[in-house]
Visitor: 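One structure, as structure tokens, below. Some questions next.
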Amino acid sequence: MIHFFRLRRLQQSWLRRFQFLQFRLWRRLWPRRLSLRTILIAPFALQLTIAIVIVAAISFHQGRMAVGVTISKLQIELANRISDELAHYLEDAHTATQLSADEIALGHLKLNDRDSLRQYLFRQMQRFNQLGYTAIATESGGYVGIGRIGDGSELLLDWFGDTGFFEKWQLDPHGQPINRVQIREDYDARTRPWYRAAVKRGDAAWSEVFQYFGSRQPVMSANRPLLDSSGQLIGVVSADLRLEQIGDFLNTLEIGKTGEAFVVDRLGHTLGSSTPEVAYRRDSPLIEATASSLPLVRETSQQLLERYHGFPQVPSQQTLKIEGDRVLVQTLPYHDPRGLDWTIVVVVPERDFMAPIFAMSHNAIRISVLALGVAIVGGIITARGIADPIHALAKASRTLASNFDHGDTEDAPAVPPQTIHELHLLATAFAQMAVRLRSSFQQLELINHDLEDRVQARTRELQLANHELQRLASIDGLTQLANRRCFDEYFTTCWQDARDRAQPLAIALCDIDHFKQFNDTYGHQAGDDCLKQVAQAIEQAVIDVATGELAGGGRALAARYGGEEFVILLPETDAEQARVVIEAVQAEVNYLAIPHARSSATHIVSLSLG
């Protein structure tokens, strides 16, 4: 009887050990025990959440695409409208110069008749309201011009002729000079940029942007040379356009809430923008778009120039990131045969049109959260109806196990009747299990000895696996050299041995030069390959050259110290011998000739050793 209870306690002990091994294995395969409520609720909640996220993402993406198409159409329409307006605005100046040239060529207008020139230019200024100034200059030095001042309602006459003085006169509503307001000497229209531009081209031409003497306003002029019947130059007719009128037109455009439209020349100078700003300085006709006071214009210009190195090279549509926001950019080149090379840029932040999309997304999130909450509550109620009977079965199971632990195999706990068919089957199976367990304990005693043998065999297998793990723990997984841990242990042994035997001990540290730049240039995969090759070269050099051996049979060790750093431990090696090893390592690495374009030391991968 005593022997029976001892055998039973031994059986229970081994059973607990086996259960513990099963528990450890289960913990590795499944790190947490999940309740039935979680298992019932989580999948439905997860499916609902995934479906909601997918639908919301698709809706948001489609909404963004629709907004992008709308913005693109708006930008194209605005760019074409700006192009048409520029063509109309700029053509007026050349139309005016062509009419003047035709009148002179037909003999209706004499260059030496200053009064008729004045009356003609006065009528031309009344006809072409866009012109800021129009003038006729002769090759002999004569000059007659009329320009607008103030709001454009008042005209001034400029002439330079026989008196040798440049005179500025105020005109009455009929074009007659009534008051001389300025006189000065030494004015020669032939030296002005607009005159030289027409002479140089030999045909209708635009001048470069320049500034008026007094107001310093930026203007450009349409110029046309005047030729006599023999083809000789006799003068130039000119009509000025004020660039501020381009900005005035752009100001009238509706470009979203915060959008911008601006026009730049081929050098990147701002000719006009949809938001009023000073587009010129007192000492310069224009400012660069990259120096604009408008953040959207400035940031857009900077990014476009960084990517394409010039506005003429910019594609028609671009998407940029400015201060974390997506910005859609539409460009349209504007050229004319008289020398203009401009670019129209329309910039619209996506957020100006995304407000309805964001509102829809927020509403979808609210509805989704509400639906998810309803699903969770319903899942909890359902799970409770299933889990409570299962808990009752679990309690009965624990009671049964406790009875068996105390040697009571006769009394079986009662299981309440179940209304769910599946749980009723489970309760019936539990009652049958209690009966069968009585006979199972007797069978367990018979297989106890066999279980002990299996446990011992399993223990031996675990010991072998442990030895293999210890070996793997000392090797670096990437380079297959010894790792830092192995090096530290071996260094402690070598240091103790060198101190006890009064023998030299050398350590060489190796570091790959500029390895971060190598990774940034060629990628991390190439960096890993580089580390492997360098490690093999170091190991080969140590095998070929280092021959130091400890009394216990230890030899030189090459290890990965960390990142791109390696270390070589050389027992029984003095400084001269260590230098030979270092040179061999350096030679092996240089022989690899791994390209390194961003190294400031050399064009290949190299080591720093010491």
Side-chain angles (χ1 to χ4, degrees), residues 459-460 462-519 524 527-592 594 596 599-602 604-610:
T459 302
R460 287 193 296 270
L462 291 175
Q463 290 175 346
L464 293 176
N466 187 41
H467 290 309
E468 179 64 15
L469 287 175
Q470 290 180 352
R471 186 189 71 81
L472 293 176
S474 63
I475 299 298
D476 179 67
L478 177 64
T479 62
Q480 298 302 308
L481 292 181
N483 58 19
R484 175 72 177 273
R485 174 185 176 187
C486 179
F487 167 78
D488 291 340
E489 294 175 354
Y490 192 55
F491 172 77
T492 302
T493 303
C494 293
W495 176 263
Q496 185 66 36
D497 185 81
R499 186 176 62 180
D500 294 341
R501 298 171 57 197
Q503 292 292 331
L505 175 64
I507 297 177
L509 292 174
C510 315
D511 183 70
I512 300 177
D513 298 327
H514 308 290
F515 186 72
K516 183 180 183 300
Q517 289 81 352
F518 185 93
N519 261 343
H524 290 284
D528 291 347
D529 293 338
C530 175
L531 289 174
K532 292 177 183 178
Q533 296 182 56
V534 171
Q536 292 173 2
I538 294 174
E539 185 177 33
Q540 186 62 42
V542 171
I543 292 173
D544 293 341
V545 180
T547 58
E549 181 173 351
L550 296 173
R555 291 184 177 275
L557 175 70
R560 185 181 182 188
Y561 198 71
E564 68 272 21
E565 300 173 350
F566 299 88
V567 62
I568 304 172
L569 184 61
L570 302 170
E572 300 181 9
T573 303
D574 57 22
E576 184 61 24
Q577 293 171 331
R579 184 183 61 80
V580 173
V581 174
I582 290 175
E583 292 176 351
V585 169
Q586 188 70 55
E588 284 287 338
V589 173
N590 291 339
Y591 181 75
L592 295 175
I594 301 173
H596 192 347
S599 174
S600 61
T602 179
I604 61 175
V605 171
S606 59
L607 291 180
S608 295
L609 302 97

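In this text the structure is predicted, and so the values were computed from the model without any measurement.
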Visitor: Less than 4.5 Å apart, side chain to side chain, heavy atoms only: is that true for L509 and E565?
Guide: no
Visitor: Keeping the roles fixed (side chain from D497, backbone from T493), state whether a donor-acceptor pair exists under 3.5 Å.
Guide: no
Visitor: Side chains of D513 and S606: any donor to acceptor distance under 3.5 Å?
Guide: yes
Visitor: Which distance, rounded to the nearest 0.5 Å, do you find between the CG of N519 and the CG of L531?
Guide: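 Spacing of CG (N519) from CG (L531) equals 7.5 Å.
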Visitor: Tell me the closest heavy-atom pair linking I507 and L569, and the distance in Å.
Guide: CG1-CD1, 3.6 Å
Visitor: What distance separates R501 CZ from E572 CD, expressed to the nearest 0.5 Å?
Guide: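 Going from CZ on R501 over to CD on E572, the span is 4.5 Å.
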Visitor: Would you check if V605 and Q533 make a side-chain contact, meaning some heavy-atom pair closer than 4.5 Å?
Guide: no
Visitor: Any chance you could lay out the side chain to side chain contact (heavy atoms under 4.5 Å, CB included) test for E564 and D511, step after step, and finish with the verdict?
Guide: CA-CA 6 Å; E564 68 272 21; D511 183 70; 3.5 Å; yes
Visitor: Looking at T573 and P571, would you say the former's side chain and the latter's main chain have a donor-acceptor pair under 3.5 Å?
Guide: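 It does hold such a pair.
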Visitor: Let me confirm one number: the SG-CZ distance from C510 to R560, rounded to the nearest 0.5 Å.
Guide: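 With rounding to 0.5 Å, SG (C510) is 13.5 Å from CZ (R560).
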Visitor: So do the side chains of Q517 and H596 get within less than 4.5 Å of each other, counting heavy atoms only?
Guide: yes
Visitor: The test is side chain to side chain contact (heavy atoms under 4.5 Å, CB included); show your working for F518 and I594 and say whether it passes.
Guide: CA-CA 10 Å; F518 185 93; I594 301 173; 4.0 Å; yes
Visitor: Out of curiosity, L557 CG to L481 CG, how far, rounded to the nearest 0.5 Å?
Guide: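 Rounded to the nearest 0.5 Å, the CG-CG separation comes out at 8.5 Å.
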Visitor: Decide, yes or no, whether a salt bridge links K532 with D528 under the criterion of side-chain N to carboxylate O below 4.0 Å.
Guide: no
Visitor: Taking the side chain as every heavy atom from C-beta outward, state whether I538 and T479 have any pair of such atoms under 4.5 Å apart.
Guide: no
Visitor: Got a second to check how far Q496's CD is from L505's CG, nearest 0.5 Å?
Guide: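 Interatomic distance, Q496 CD to L505 CG, rounded to 0.5 Å: 12.0 Å.
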Visitor: Mind checking the CG-CD spacing from D574 to Q503? Nearest 0.5 Å is all I need.
Guide: 10.5 Å
